[in-house]
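Reading through the structure tokens given below for one structure.
Note that the coordinates shown come from a computational prediction; the quantities given were computed from them, not determined experimentally.
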Amino acid sequence: MSWGALYMYYHCPKCGMKFEYATDLMVEFGDQFGYCPECKVMGVYEKEGARTLDDAEYFEVE
């Protein structure tokens, strides 16, 4: 049984934006994985896992 994609959840220390990255995109984003898509600064790690109940609060970086 599969739970689907795993995500890493972050918030930006500069603008406060909440965002998520699918862990299978680590290779595609490389060193930019975990960075805020707006400010281009490293996000503050919050949690990791499958989709959560508050997932709609987070912007999915693709």
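Residues that satisfy the side chain to side chain contact (heavy atoms under 4.5 Å, CB included) test with P37, not counting sequence neighbours, are M17, F19, F59, V61.
For Y21 and F29, the ring centers sit closer than 6.0 Å to each other.
At a threshold of 4.0 Å, the pair D54-K47 counts as salt-bridged, since one of the basic side-chain nitrogens sits closer than that to a carboxylate oxygen.
Side-chain contact check for M42 versus K14: every heavy-atom pair is 4.5 Å or farther apart. Between T52 and Y9 the shortest side-chain heavy-atom distance falls below 4.5 Å. Side-chain contact between E48 and Y7 is absent, with no heavy atoms from C-beta onward closer than 4.5 Å.
The line from CD of E20 to NZ of K18 is 11.5 Å long, rounded to the nearest 0.5 Å. For the atom pair Q32 CD and C36 SG, the distance stands at 11.5 Å (nearest 0.5 Å).
Between the side chains of E46 and Y58, at least one donor N or O lies within less than 3.5 Å of an accepting N or O.
Taking every heavy atom of both residues into account, L6 and A50 meet most closely at CD2-N, 3.6 Å. E62 and L25 make their closest contact through CA-CD1, 4.4 Å (heavy atoms, listed as atom of the first residue, atom of the second, distance).
Grouping the Ile, Leu, Val, Met, Phe, Trp and Tyr side chains by contacts below 4.5 angstrom, directly or via other members, places Y45 with F33.
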